Each structure stands twice: as structure tokens, then as C-alpha cells.
Protein chains: 2
Amino acid sequence: MLDISMPVEAALALPPNFAGLPFSPSFVGRRRLFSPRTTIYDQDETAVPIYRLVDGCVALTHSLRDGRRQILDIIGPGRLFGLVFHEDNHCGAQALTFSQVESLGRTVDQGILDQALVLMLNRAHSLATLLGRKTAMERVSSAVFDLAQQFKRASRNPQRGAPTFNLHLTRADLGDWLGLTIETVSRCLNQLKRDKVIDFSHPEIVRVLDTDRLQAMAAGGRGEVRKRRA
Amino acid sequence: MLDISMPVEAALALPPNFAGLPFSPSFVGRRRLFSPRTTIYDQDETAVPIYRLVDGCVALTHSLRDGRRQILDIIGPGRLFGLVFHEDNHCGAQALTFSQVESLGRTVDQGILDQALVLMLNRAHSLATLLGRKTAMERVSSAVFDLAQQFKRASRNPQRGAPTFNLHLTRADLGDWLGLTIETVSRCLNQLKRDKVIDFSHPEIVRVLDTDRLQAMAAGGRGEVRKRRA
DNA sequence: CGGGAGATTGAGCATTTTCAATCGGTGTGG
DNA sequence: CCACACCGATTGAAAATGCTCAATCTCCCG
């Protein structure tokens, strides 16, 4: 595997087509390539520009002083991230795979920025709902569903056919994202596999066998209405 | 108690001073008064304007189809909320007490809107961290601390003196916010009371006896570093 | 072939939930 | 004015989901 000794300037080939946000073509800033497990910016860093993820996978993380870590969002190709979103030094960004990132400085079209902000906020709210109210199985199902959306291979199988995607997160990452432990994540993933909802032989490459059932499990299985609250 | 049969137009006295966001004085739109437990807008509603909470307390909530509810934010006087934040019908807003709300339409200064959005996002991220990684005691401590900030009485006791505030949320609301059950919330609150960190006789009126300790408990008690993760 | 990192699996445990009973304040009707 | 009903809060005991600890497995790589 490549041995790139970290934050390296690189002018790479154009990215593959991705279903990302629209951009004014004028903003094609400097690109940088980050290796897996490297920090793009720190939780306490200031004056961070706006970035666009061209290719790869980035996690926004927040750590408590005692070391507990929460992943606040997983960013796929096309999405924006950076400091404007967290003036108050709030969370850091870390590449989970080789990630090509484009710096947009601070001169981003207002509308696009707002759009990205709103997406960020919606996802944060979804995550909160997941963390506050969903069971382990539902959380893992939600995560797989979300990642399948963001990272499904544009590759073969044009439409209806067991979409495969690369799970860029380790079990530990998934745990930090979903508020679970490594072991629980592993158990749930293997449960989904036994249930023939997903499949994987290599733990990184996941195939979704039954998208509908996956989505159903993500929302709360069979709709038994829960009690409480007038 | 008043019998106001809901959403009622009202021109009320000017609100007390509050430590809110700055506003261009030109935006003084229509005001409405909402009674406790009434809906300001629904989760699936569209074309909602931007609101400013003049006085009272509002909860942003998201409900799963099966009835589970997650409170995504608790809004205190001065803060903005409304649809721009959630184009994709996402969460509803509900008054928790008598709340005076000012509609700003959609003509809000961009900078102020962004500021509100970023605050919203930061709070959503903090909530996610709380829900994903904190214990019940830490969650409840965090909530009390946050509410003390947002709702501390401007009243007497100019500074250093056991700030008292009105806990506008019921135990059920707190549970829906913190991802806990009513019973756990109650137990934690009474534990804090036994520990002389807070005090209350009426379950709605809370006095903070030891702000420092409260804040410490909110962040994770005595800083024992937890394991895992390189 | 040996070492290491991540994943899986099992068993026991703990925090939090669930279930259930009781308390306390408040509003209503007799 | 008091009895009753109701709603929210509190408290205790039992149950459960998810965690901790520990062993083993599978790759990957040198």
C-alpha cells in the first residue's frame, strides 16, 4: 500500500463523478491528500478553512477530556466541512481512508454554504434521534443504510442489484459513531448477515441484500407502537 | 390558571432583558402567545417562517413513527428557530410553557441567521456527544447546567448566589431530551439533591447550590481517563 | 513462520429500563 | 369544605439491553 507521509500536497486526476452538492465552478482551490487515520484539523484548532471532500471518507469527531470519543458525522464525497460550522472550537476532522480534500478558503457562495449547513444540522439531528431513542440493531442498520447511500459504488450494477460499498469505518469507528462498543457493533453486523439483510466476507466490503428490510430495521423494525406521552 | 384557547394573537408588554442574540431593530414582526403543551409547528409542516422566542421555552422534537420521541433542542428566550433550519420537514416545535414568539418571516439578516444556525449545530453536536457517550448522571447534570444558563432568573441575587431557575420541562421531557426514562431522570435529579449540588422542593423550581461541581459532573466526574482507541 | 491489528464470540456483569406501587399537589363536583 | 380523580414525581424490585473482560480467529505483512 502507498506510503504517503502525510498531509501531502497533490494534484491528482479529476475525481470520479459523485452525487454531491452543486458548486460554482470557479472554486477549485488547492487539493491535499490525507492518509488513513490522519488528522485534517484538530478539535481545538482555529481559523480552519472550508473544505470540500473530493474523494474518500472523513469523520468529524468530538472527544471528552477523559478520552471518550463521539463521531458527529461521517462525510462522503461532495460534502463540505470545516470551521465555519463550529466557530467555537468544537470538533476535529479525521480522514478514515485516503481522502482528497479541496480547500475553498472562506469565499464560498452563501447559498451553498447554507445548504451545507442545513444538511449538517439535519444529519446531526438524525444522529441525536438515533443515539437517544434507537436500539443497537436499529443504530447499526441505520448506519449501514446511511453509508450505503453515501458510498455505494458508482461501479457496475447500474440499478437494482445488491449494491456493494466500502465500509470505511472500523468497528471501533462505528461504535464511536453509534454510541456502542466494538463488540455490540460486531454482533449486530453479524446478526444482519445471518438474517440475510447484508453480506460480507471481508469485514470492510459490505453488500446490501435487502435494502427495504434494512431501511425498515433502521426505523424501528415491525411498527409496534411504543407507549407513553400524551 | 389562564384559559387561553390557543394560538392567540397578542400584543404584550415588552419582554424583560435577556441575553440573546443581537437583532436588527427593524424586524419586529407579529407576536403570538402559545400555551404550554401546544404545537407551534408540526414535524411534517412546510413553509414555516423563522421565529424568535421572546419569552418562554420551546422544544424542538422529532418523533419516530412508532411514537418514540427525541427532543433535539430546548430553546430559551432570544434564540431563533423555524423551518429554514430544516427544509426537509424534520422536526416540530412545541411550547413547554407560555411562550411569546415573534415571527420574522423569511427576511432575516444573513449574518444573524448563520449565527443562529451555527449555534443550533453546535448544540446538536453537544447533544449527540451527550447521548452517545455520557452516563445518566452526566446527562442530567449537563441538562441542569444548560438550563440554568438559559433560564436563570435575571431576578434578585445579582451574582454569586445559588441561582434559581424554572425547570420548564417535566421529567418526561427531560427523558425525551436526554435519551433516558422518566424514572432514571428522577433518580438522578434526587441524587444531585442528596449530594447537595442542587436543591428543589417543588419539582419545577431548581436551585443550583454548587455550579462548579455541577459542571464537573456534567463533563464526566473525576477525570479518570477511559481506555481504548489509539 | 511469527507478530500485530482488527474482528468475532462467549460468559458474566452493570447500568438503565420496565413494571408496579405510592405519594403529592391540584382541580372538580357533591 | 371535603372527597375523589388525575397527573406528574418518586421509589423499589425485577428484567434486560448493552458493556466488560477474555479468549480465539483471520488477515496482512515482514
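These figures come from a predicted structure and were not determined experimentally. All values below were derived from every heavy atom in this structure, side-chain atoms included, with hydrogens, water molecules and symmetry-related copies excluded.
Between B/Asp199 and B/Arg194 there is no salt bridge, since no side-chain nitrogen of the basic residue lies less than 4.0 Å from a carboxylate oxygen of the acidic one.
A cation-pi arrangement, defined by a distance under 6.0 Å to the six-membered ring centre and an angle within 45 degrees of its axis, is absent between B/Arg32 and B/Phe98. A cation-pi contact, defined as under 6.0 Å to the ring centre and within 45° of the axis, links A/Arg171 to A/Phe200.
Atom-to-atom, CD of B/Glu204 to C1' of D/dT10 comes out at 15 Å; the value is rounded to the nearest Å. The interatomic distance linking A/Arg187 (CZ) with C/dG10 (C1') rounds to 7 Å, in whole Å. Protein atom CZ of A/Arg139 is 9 Å distant from nucleotide atom C1' of D/dG18, rounded to whole Å. Computed from coordinates, the A/Ile205 CD1 to D/dC27 P distance equals 14 Å when rounded to whole Å. Nucleotide C/dT16 holds its C1' atom 18 Å from the NZ atom of B/Lys134, rounded to whole Å. Atom CG in B/Leu96 sits roughly 13 Å away from atom P in D/dG8 (whole-Å rounding).
Looking at A/Leu147 and A/Leu167, their side chains come closer than 4.5 Å, going by heavy atoms from C-beta outward.
Here B/His202 lies out of heavy-atom contact (under 4.0 Å) with every strand. No engagement by A/Gly175 is indicated, since no non-hydrogen atom pair under 4.0 Å with the nucleic acid exists.
Taking side-chain N and O atoms only, B/Ser186 has a distance below 4.0 Å to OP1 or OP2 of D/dT10. Between D/dC19 and A/Thr181, a contact under 4.0 Å exists linking OP1 or OP2 to a side-chain N or O. Between A/Arg171 and C/dT8 there is a side-chain N or O to OP1 or OP2 distance below 4.0 Å. The side chain of B/Thr184 places an N or O atom within less than 4.0 Å of a non-bridging phosphate oxygen (OP1 or OP2) of C/dT17. At the phosphate of D/dA9, neither OP1 nor OP2 sits under 4.0 Å from any side-chain N or O atom of B/Asn190.
In this structure, the nucleotide among D/dG8, C/dT8, C/dT9 sitting nearest to the side chain of B/Thr170 is D/dG8. When distances run from any side-chain atom of B/Ala136 to the nucleotides D/dA9, D/dG18, C/dT16, the shortest one goes to C/dT16. For A/Leu180, whose side chain is taken as the heavy atoms from C-beta onward, the closest listed nucleotide among D/dG18, D/dG12, C/dG10 is D/dG18. Closest approach to the A/Glu183 side chain among D/dG18, C/dG6, D/dC21 is made by D/dC21 (side chain taken as heavy atoms from C-beta onward).
In this structure, the side chain of B/Asn190 does not engage the main chain of B/Lys193 through any donor-acceptor pair within 3.5 Å.
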Extract from the structure each pairing of a protein N or O with an N or O of nucleotides 21-24 of chain C at less than 3.5 Å, listing the distance.
none

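Using the six-membered ring where Trp is involved, A/Phe151 and A/His168 have ring planes that are perpendicular, over 60° apart on the 30 and 60° scheme. Classified by interplanar angle (parallel below 30°, tilted 30° to 60°, perpendicular above 60°), the ring pair A/His90/B/His125 is parallel.
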